[in-house]
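Order of the sequence lines fixes the chain letters, A, B, ..., with proteins taken first and strands second; residue numbering starts at 1 for each chain.
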Amino acid sequence: MLELVDISKHFKKIEAVKALNMFIEQGEIVGLLGPNGAGKSTAISILSTLIEPTQGDVRFLKKSVIKKPSPLRKAIGVVPQEIALYPQLSAEENLLFFGRIYRLKGSTLKQRVNEILEQIGLTEKRKALVESFSGGMKRRLNIGVAMLHSPQILIMDEPTVGIDPQSRSYILETVKRLNKENQMTVVYTSHYMEEVDYLCDRIYIMDQGNLIASGTKEEIKQILSSENTISIQADHWSEAFIARLKDHESVTNVHVEEKEITLITPKEVNLFSEIISMTDKYDISLRSLHVKSPTLEDVFLHLTGRALRD
Amino acid sequence: MIFQLVKKQLLLLWRNPVQIFLLLGLPIILILILSFALAGFMESGSPKLELKVAWLEHEDEADQVERFINEMEAIGAPAEAFGDSEDLHMITMLREDIFQGEDLQEMIELEVIQEDEKADVLADDSFSGLIEVPENFTYDMLQAISGQDTAKPDLTLHVNQEDGIYSSVLSQILEQFDENLTTQAFLQQNDLDVDMNEMQAASNVGEQTQIEQLDPISSRDYYTVAMAVFTGLYVASTIGFFATRERQDQVFDRIIVGDMPRWMYFFSILISGMIIAFIQLLIIFGFSYVVFQVTFQDVLAFLLTTFSYAVAVGGITVLLTAISYRFKSDAIVGFFSGVVTSILAFIGGSFFPIGELSEMIQRIGNMTPNGSGLSAYIQLLRGSGIEEISNYLIYMIGFGALMIIVAAISFPKRGSTR
């Protein structure tokens with residue numbers, strides 16, 4: 001349905017996206033995962049025809065849309081990372097304005113505005129100015145505007161940034177429902193692994209402009225099938241202990257957080273007894289030590305040596 | 001579709017009280033303050049002369065004239081030789097036709113006094129002068145004019161030295177009168193038949209022409225126009241600011257992804273700037289019409305001037321927006337609003353009539369859109385017609401067109417504007 005073929009994008013000396021290949025089939029939710037600066041937003045801008053790639057092609061229904069973007073533009077709804085709304089207008093006025101931009105008119109427009117307000121739970125706030133909304137309400141309206149013209153493909157660029165857990169959950173449920181009930185195709189970018197894990201059928205993982213992995217969730221997690229993810233929890237760490245782990249020949253990755261260290265090791269190696277003796281030696285009061293199922297976060301850690309939110 | 005974009009801009013402005021104040025409240029307050037504060041500065045036209053003059057005749061003129069005619073008739077001169085006896089009453093003519101005549105009556109307050117009042121008048125500083133007609137003045141003067149061997153008498157003028165220019169004016173009037181009498185006496189003595197009026201006309205050098213003067217304008221007239229064109233420039237930064245926000249908040253991207261051609265957005269900014277500037281000017285001039293009776297007689301010329309200025313403002317608006325989009329920065333809008341507007345207002349004469357300093361400065365001022373607009377409006381207020389201001393209108397429209405062309409070249413044709 002929609003393809004990015006060998007897409008590269010340079011901004012002066014910076015290569016934001018390098019030889020990216022993606023395809024999106026009708027009715028699926030595709031996740032684009034990566035840390036800040038990975039090139040996700042550039043890829044999304046190319047996908048939504050806002051910027052042209054330096055190299056490569058964007059194809060919609062097998063036709064290039066780089067020079068003639070109109071067919072794709074009519075088929076997509078874009079939820080930008082920013083709250084792309086007019087704060088001084090009400091929710092209804094924003095929807096009416098953007099509805100007219102999407103060429104909706106008269107009773108059709110009014111009906112769609114009512115439906116969208118219902119879907120995003122803002123019917124009672126329709127007359128309120130957007131500037132009076134909470135962050136979550138603005139995010140919901142931001143999504144609602146993109147859905148006004150019932151697009152075939154909904155492209156969402158980090159739609160849950162900076163909102164409360166309740167609104168975040170509401171948005172995720174809305175996306176899931178749209179996909180199930182309306183068979184709407186969704187491209188969803190995030191640096192929240194758990195959102196992508198929850199929503200998406202297939203995932204593309206990007207880092208520093210490169211596509212480093214792609215496939216279904218299961219396929220991606222299979223990358224770690226020959227490895228174990230070991231979680232060590234304690235109240236504090238010592239520099240020497242961390243250095244010792246990083247230098248260990250059987251440890252491929254070490255990710256340190258305040259009270260948890262995650263190690264990736266080959267499955268055939270058992271480091272449990274060695275870790276326990278190291279905690280004694282460096283005077284670390286161990287709280288737990290266990291092997292856990294690999295997550296997308298672990299895959300990213302394995303592939304890049306860094307956590308998604310580093 | 002452009003209509004929807006323009007309507008949205010108007011709605012955004014309507015919901016923005018700070019910008020509304022800047023565009024409407026500020027000019028009205030400035031007009032009120034400046035027109036009152038600088039009223040004296042603007043209305044200091046030609047100084048008004050007011051003289052108080054005393055007039056003292058020591059002898060009744062009618063008796064002297066009668067005596068002269070009787071003596072002339074006694075020596076056989078025909079009665080018709082004296083013409084109209086009214087013409088012989090030269091002192092009465094001087095008093096009634098000149099000092100109390102139509103030309104000088106608003107300037108000179110003449111008080112006829114008696115001899116016993118003379119000392120008081122001379123001591124009174126409120127009098128600029130005292131004209132004293134001695135005994136037998138008219139009789140002696142008629143004798144001199146008629147060729148008798150009599151010395152020409154003189155009027156006595158007492159002037160108040162403290163009054164400077166007033167006493168000088170008084171002296172000149174009397175000198176002129178005396179000169180006429182002397183000339184007349186000379187012509188009579190030499191038996192020359194010359195018409196005095198013709199001789200005076202011949203002595204004038206060059207041609208006397210009437211200069212058509214434009215109506216003066218008040219400080220309220222001036223500052224209504226000056227503040228209207230000055231704050232009209234803020235329309236450009238206001239709409240430019242809105243457009244910049246649309247770029248920063250990705251609303252512009254959203255509009256483009258909605259398959260809206262960029263040129264349509266571009267023209268919506270231009271039209272918004274023009275419409276808002278036009279409405280703003282109408283409101284400000286409407287206020288001044290109601291409150292200060294600042295009235296344009298030629299309504300069509302006024303509307304054309306307003307339209308032309310709105311085109312120039314629209315051009316600046318779209319140029320600011322284009323540059324802001326091109327460089328992905330709102331600095332240009334802030335710079336225009338904070339610095340350029342004030343400079344244009346200064347050069348264009350919005351703070352004071354800077355063009356009066358020199359012709360060169362006036363020319364430079366008229367090269368700014370606000371200066372050109374100001375000159376056009378002022379000329380209309382002073383009674384000029386559309387033909388006299390057409391060069392200003394053409395300049396403003398040309399300026400706007402140039403801005404639009406540069407903006408169209410600068411506006412990003414593709415790519416994200418973030």
Task: Aromatic ring proximity B:F252/B:Y325, centre distance under 6.0 Å - done: yes
Task: Enclosure of B:L402 CG (heavy-atom neighbours >12, cutoff 6.0 Å) - done: yes
Task: Aromatic ring pairing A:Y86/A:F98, orientation class (parallel under 30°, perpendicular over 60°, tilted between) - done: parallel
Task: Heavy-atom contacts under 4.5 Å, residues 129-150 of chain A to chain B - done: A:L129, A:N142, A:V145, A:A146
Open item on the list: For A:R126, run the salt bridge (Lys or Arg N to Asp or Glu O under 4.0 Å) check against A:E92, A:E93, A:E118 and tell me which one passes.
Closed with: A:E92
Open item on the list: Could you check whether A:S190 and A:E195, counting side-chain N and O atoms only, form a donor-acceptor pair closer than 3.5 Å?
Closed with: yes
Task: Partner chain A: residue of B:M260, B:K8, B:M264 with the largest heavy-atom pair count (under 4.5 Å) - done: B:K8
Task: Part of A:I83 lying under 4.5 Å from any heavy atom of chain B - done: backbone
Open item on the list: Which atoms of A:P87 are under 4.5 Å from chain B, going by heavy atoms: the side chain, the backbone, both sets, or neither?
Closed with: side chain
- [ ] May I ask you to check whether B:Y377 and B:F285 place their ring centres under 6.0 Å from each other?
- [x] yes
- [ ] Can you label the angle between the B:F399 ring and the B:Y395 ring as parallel, tilted or perpendicular, going by 30° and 60°?
- [x] tilted
